[in-house]
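Okay, so here's the structure we're looking at.
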Amino acid sequence: MNNVKVRFAPSPTGFMHIGNTRTAVFNWLLARKLGGSFLLRIDDTDVLRSKKEYEDAIRDILCWLGLTWDEEARQSARMARYDQVVAQLKAAGRVYACYETAEELEVMRKKLMSQGRPPIYDRGALKLTEADAERYQKEGRRPHYRFKLLPGNIEWDDMVRGKTHYDAANLADPVIIREDGSYLYHLPSVIDDFDFGITHIIRGEDHVTNTAMQIQMFEALGAKAPAFAHLPLLTGREGKLSKRLGSLGVRELRAEGIENMAICSFLAKLGTSEAIEPFYDLDSLAATLDLTKLGRAQPKFDEEELKMFNRKFVRQMPYEKVRGRIAGDERFWNAVRGNLDTVAEADKWFDICHKPLKPEIEDAGLTSAAAAALPPEPWDENTYGEWMNTVKAETGKKGKELFHPIRKALTALDDGPELKVLLPLIGRERAQKRLLGQEA
Ligand code: GLU
């Protein structure tokens with residue numbers, strides 16, 4: 001491992017959805033591609049909304065996806081360190097106390113808007129005297145704290161967006177500590193990224209403005225900001241994807257039989273100039289990662305497309321990737337996979353081939369003639385065609401009239417994998433009994 005270190009920093013305030021899963025996938029792939037390490041950081045500064053249940057679910061999904069981490073951190077355990085940095089920044093005049101109430105700030109915001117001006121905080125608090133502050137405190141007001149931005153141009157070379165600029169004059173000093181003393185995410189994130197030696201940050205483009213402010217926070221800590229990549233946000237059919245859209249939760253996709261590597265393959269290429277193709281392990285996917293191939297447009301995420309892709313993924317899946325997950329062997333898997341929507345469906349076909357079933361007889365004359373015409377074993381994939389030619393010649397039946405009753409008798413279903421591959425798996429003894437209407 002070199003000194004490259006990336007992180008995935010979920011807030012445990014909801015389940016993994018397709019949007020933050022994409023962020024996790026990109027960060028993991030970048031760490032792997034650059035030979036670096038991957039940190040999982042739990043951003044639990046919001047104590048009211050953070051829940052253990054969500055945190056466990058996030059870990060569970062990351063493990064299932066194979067996005068394992070080398071190191072772990074949690075913001076709630078680092079409060080003393082944040083307090084220490086804030087004390088330094090206060091002393092340096094970069095963090096200041098404010099006493100406006102939410103209502104007062106709202107009035108100021110509306111006033112500026114009505115004047116056609118951007119709703120940027122006027123830094124009124126910087127003019128307060130100690131006596132003012134004391135008076136506010138006596139009134140029962142508690143301060144919140146802002147980080148003071150320095151004037152000037154903030155720029156970085158974004159790995160996705162290219163050169164990106166912000167004029168600090170267009171940004172409001174961000175609130176970093178709430179009235180109740182709790183931290184907002186911005187500053188703790190920078191302190192962590194600095195302390196843990198994070199070299200690259202990939203996140204959604206909803207964080208671009210945060211990045212501008214955070215670059216100044218890194219500078220205030222005397223640190224060099226990491227490299228940034230902002231991914232265009234996914235849109236769903238319902239518009240912007242939200243953490244709360246349960247229908248796009250990864251747990252649900254997993255329960256529906258979507259493969260972990262199908263999700264990773266799909267998300268890593270969605271919105272890039274490359275085709276979405278199945279990758280069956282993360283290392284080979286990581287080798288193809290190229291952030292310059294990401295477009296600037298917001299890609300549409302369509303659950304139906306993912307499901308269609310999953311079908312293709314399953315149908316080409318090598319046996320070694322399902323070994324231990326299905327009942328059958330390689331020959332069985334290769335015979336049925338071309339007809340599956342999910343891996344779990346393979347077991348249904350295993351049972352049809354290897355366990356007794358009640359056949360459905362639609363044309364007893366035809367199926368008993370077919371039973372009598374069954375050739376001796378050993379059987380292979382040519383057996384079915386040769387056998388059908390004999391039955392056709394003997395009964396005069398052809399097309400659907402011939403094939404459908406045979407399929408119903410052998411499998412009790414209307415469709416499924418080709419009978420030429422199923423027949424050798426079912427075997428002569430069972431096939432004969434089923435064609436004669438006996439449970440077998
Ligand atoms: N906890 C933040 C989020 O989930 C992390 C953002 C970041 O990557 O810095 O949005």
Side-chain angles (χ1 to χ4, degrees), residues 2-9 11 23 27 30-31 34 36-37 39 41 43 45 73 75 78-98 118-127 143-178 182-231 291:
N2 48 34
N3 70 346
V4 168
K5 203 194 247 189
V6 303
R7 47 56 163 197
F8 175 54
S11 306
T23 304
N27 278 296
L30 185 73
L34 300 180
S37 68
L39 166 80
R41 188 181 87 202
D43 280 6
T45 52
Q75 293 196 320
R78 292 180 34 82
M79 292 299 158
R81 168 70 178 143
Y82 306 151
D83 291 346
Q84 178 198 12
V85 173
V86 165
Q88 281 167 19
L89 293 176
K90 276 183 190 167
R94 295 300 297 275
V95 167
Y96 60 99
C98 305
I120 293 174
Y121 176 61
D122 66 0
R123 292 183 165 165
L126 283 178
K127 296 184 199 101
H144 57 273
Y145 290 87
R146 289 187 190 259
F147 176 78
K148 189 175 160 197
L149 295 170
L150 299 181
N153 194 33
I154 304 169
E155 58 178 29
W156 72 94
D157 197 3
D158 196 284
M159 291 185 282
V160 174
R161 303 163 65 87
K163 291 245 182 290
T164 308
H165 308 262
Y166 268 83
D167 182 348
N170 295 329
L171 301 171
D173 289 344
V175 175
I176 54 159
I177 301 176
R178 299 184 189 87
S182 65
Y183 280 93
L184 278 106
Y185 132 88
H186 306 87
L187 182 64
S189 178
V190 168
I191 299 171
D192 292 342
D193 290 332
F194 173 49
D195 287 354
F196 288 91
I198 298 301
T199 55
H200 299 73
I201 295 178
I202 306 181
R203 56 190 182 186
E205 67 184 1
D206 49 336
H207 283 287
V208 173
T209 308
N210 287 340
T211 296
M213 301 186 297
Q214 288 180 323
I215 283 176
Q216 285 215 357
M217 294 179 185
F218 279 105
E219 286 165 1
L221 299 185
K224 184 173 165 288
F228 287 97
H230 292 90
L231 306 175
L291 295 174

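Values in this document were obtained by computation on a predicted structure and should not be read as measured data.
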Point to revise | Validation row: Val175, Leu184 side chains within 4.5 angstrom (heavy atoms) | key: yes
Check your understanding: Does Tyr183 reach the main-chain N or O of Asp83 with its side chain, forming a donor-acceptor pair under 3.5 Å?
Key -> yes
Review point. With sequence neighbours excluded, what pairs up with Thr199 under the side-chain hydrogen bond (donor to acceptor under 3.5 Å, both in side chains) test?
Key: none
Practice item. Output all residues satisfying side chain to side chain contact (heavy atoms under 4.5 Å, CB included) with Ala212, sequence neighbours left out; order by chain, then residue number. Key: Ile154, Trp156, Tyr166, Leu171
Study note, to complete from the structure: In Thr45, Ile177, Leu89, the residue satisfying side chain to side chain contact (heavy atoms under 4.5 Å, CB included) with Leu187 is Leu89
Exercise for review: Give, for atom CZ of Arg203 and atom OG1 of Thr211, the distance between the pair rounded to the nearest 0.5 Å.
Suggested key: 3.5 Å
Revision key, fill the gap. So side-chain hydrogen bond (donor to acceptor under 3.5 Å, both in side chains) across residues 215-225, not counting sequence neighbours, yields Arg94-Gln216
Point to revise | Atom pair CG (Leu149) and CD1 (Ile215), whose distance is rounded to the nearest 0.5 Å | key: 11.5 Å
Check your understanding: Who pairs with Asp195 by side chain to side chain contact (heavy atoms under 4.5 Å, CB included), at least two apart in sequence or on another chain?
Key -> Arg78, Arg81, Ile191
Practice item. Quick one: closest heavy-atom pair of Arg41 and Asp192, and the distance? Key: CD-OD2, 3.5 Å
Review point. Looking at residues at least two apart in the chain, or sitting in another chain, which of them share a side-chain hydrogen bond (donor to acceptor under 3.5 Å, both in side chains) with Asn27?
Key: none
Exercise for review: Return the set of residues passing ring pair (Phe, Tyr, Trp, His ring centres under 6.0 Å) with Phe194 (not counting sequence neighbours), or none when no residue passes.
Suggested key: none
Check your understanding: Are Met217 and Ile176 side-chain neighbours, meaning at least one heavy-atom pair lies under 4.5 Å?
Key -> yes
Study note, to complete from the structure: Sorted by chain and number, sequence neighbours left out, salt bridge (charged side-chain N to carboxylate O under 4.0 Å, His left out) with Arg178 holds for none
Point to revise | For His186, side-chain hydrogen bond (donor to acceptor under 3.5 Å, both in side chains) partners two or more places apart | key: Asn210
Review point. Do Glu205 and Val160 have side chains that get closer than 4.5 Å, going by heavy atoms?
Key: no
Practice item. For residues His200 and Pro226, report the shortest heavy-atom separation together with the two atoms involved. Key: N-CB, 4.0 Å
Check your understanding: By side chain to side chain contact (heavy atoms under 4.5 Å, CB included), which residues pair with Asp167, not counting sequence neighbours?
Key -> Ala169, Asn170
Practice item. Identify the heavy atoms of Asn2 and Val4 that sit nearest to each other, and give their distance. Key: OD1-N, 2.9 Å
Practice item. Output all residues satisfying ring pair (Phe, Tyr, Trp, His ring centres under 6.0 Å) with His207, sequence neighbours left out; order by chain, then residue number. Key: Tyr185
Revision key, fill the gap. To the nearest 0.5 Å, atom OG1 of Thr23 lies from atom CZ of Arg7 at 10.0 Å
**Study point:** With Lys5 via side-chain hydrogen bond (donor to acceptor under 3.5 Å, both in side chains) - residues at least two apart
**Key:** Glu71
Revision key, fill the gap. Residues at least two apart in sequence or cross-chain that pass side chain to side chain contact (heavy atoms under 4.5 Å, CB included) with Ala172, listed by chain then number, are Ile120, Tyr121
Check your understanding: Are the side chain of Arg146 and the backbone of Asp173 linked by a donor-acceptor contact shorter than 3.5 Å?
Key -> yes
Point to revise | Atom of Pro143, atom of Ala97 and distance for their closest heavy-atom approach | key: CB-CB, 3.9 Å
Practice item. For Asp158 and His230, indicate whether the former's side chain and the latter's backbone hold a donor-acceptor pair under 3.5 Å. Key: yes
